Amino acid sequence: MGKYRMSEFRRSVLLATLDIPEGETRTYKEIAKKIGRPNAARAVGTALKNNPMAPTIPCHRVVRSDGSIGNYTHMGRNSPEKKRALLKSEGVTL
DNA sequence: CAACACAAAGTAG
DNA sequence: CTACTTTGTGTTG
């Protein structure tokens, strides 16, 4: 029987990210806090890095706490510019 | 064991 | 004040 089970941490991160409304942004810290690991903002980034295989999850709505855009990996390629473009497309004022 | 899509506090100037 | 360094966190390679 296959175990469709990734770590709880990763699953929580994805769900929390999926819960971000359109046009809104959330910080890695906020996501971390939401899933009960307020000090694991870095782990949140690591978790998202392995998941943005599709626009299924609005990982581009997760930004840094200091207002920076943060990073964005898609298909093994880092494109912070793409992230910024997506946010702007949703009407997010940086 | 080392690295990473972060954060906050500490050190140096 | 700004810039760089260090420590904490959880998963992946």
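From a predicted model like this one, the values you see are computed outputs, not experimental measurements. In the text below, chain A, chain B and the rest are named by the order of the sequence lines, each starting its count at 1.
- Within 4.0 Å of T46(A), counting heavy atoms only, lies at least one base atom of the nucleic acid.
- Taking atom CD1 on I69(A) and atom C1' on dA7(B), their separation rounds to 17 Å, with Å as the unit.
- Base-pairing analysis of DNA chain B finds the following stems of at least three consecutive Watson-Crick or G-U pairs, with both pairing distances under 3.5 Å: B:1-4 with C:10-13, B:6-13 with C:1-8.
- Pairs passing the salt bridge (charged side-chain N to carboxylate O under 4.0 Å, His left out) check and including a residue from residues 20-36 of chain A, sequence neighbours excluded, do not occur.
- When the P atom is compared between dA3(C) and dA5(B), the two are found 22 Å apart, to the nearest whole Å.
- Rounded to an integer number of Å, the gap from L14(A) CG to dG10(C) C1' is 14 Å.
- Remark: K29(A) is not in phosphate contact with dT9(C), judged by side-chain N or O atoms under 4.0 Å from OP1 or OP2.
- Between the CG atom of L48(A) and the C1' atom of dC6(B) there is a distance of 11 Å, rounded to whole Å.
- Taking CG of N50(A) as the start and SG of C59(A) as the end, the distance is 11.5 Å to the nearest 0.5 Å.
- Contact check for V62(A) versus T27(A): no side-chain heavy atoms found under the 4.5 Å cut-off.
- The nearest whole Å value for the distance from the CG atom in N71(A) to the P atom in dC4(B) is 11 Å.
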If you look only at distance, which donor and acceptor atoms sit under 3.5 Å apart when one is on a side chain in residues 38-46 of chain A and the other is two or more places apart or in another chain?
from, atom 1, to, atom 2, distance (Å)
T46(A), OG1, R42(A), O, 3.1

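- Put simply, CZ on R26(A) is 18 Å from P on dC6(B), counting in whole angstrom units.
- Per the geometry, OH belonging to Y72(A) stands 20 Å off P belonging to dC4(B), to the nearest Å.
- The side chain of T73(A) has dA5(B) as its nearest neighbour among dT12(C), dA7(B), dA5(B).
- Regarding I31(A), its CD1 atom lies at a distance of 16 Å from the P atom of dG10(C), rounded to whole Å.
- Residue pairs meeting the salt bridge (charged side-chain N to carboxylate O under 4.0 Å, His left out) criterion with at least one member in residues 78-94 of chain A, sequence neighbours excluded: R61(A)-E90(A).
- Contacts of residues 32-44 of chain A with DNA chain C (heavy atom under 4.0 Å): R37(A), N39(A), A40(A), R42(A), A43(A).
- A distance of 7.5 Å separates CG in L48(A) from CD1 in I57(A), rounded to the nearest 0.5 Å.
- What separates CG of N50(A) from P of dT11(C) is a distance of 12 Å, to the nearest Å.
- Residues that satisfy the side-chain hydrogen bond (donor to acceptor under 3.5 Å, both in side chains) test with S68(A), not counting sequence neighbours, are D66(A).
- Put simply, the side chain of Y28(A) and the base of dA7(B) share no donor and acceptor less than 3.5 Å apart.
- A distance of 8.5 Å separates OH of Y28(A) from CZ of R64(A), quoted to the nearest 0.5 Å.
- Of all non-hydrogen atoms in L18(A) and T56(A), the two that sit nearest each other are CD1-O, 3.3 Å.
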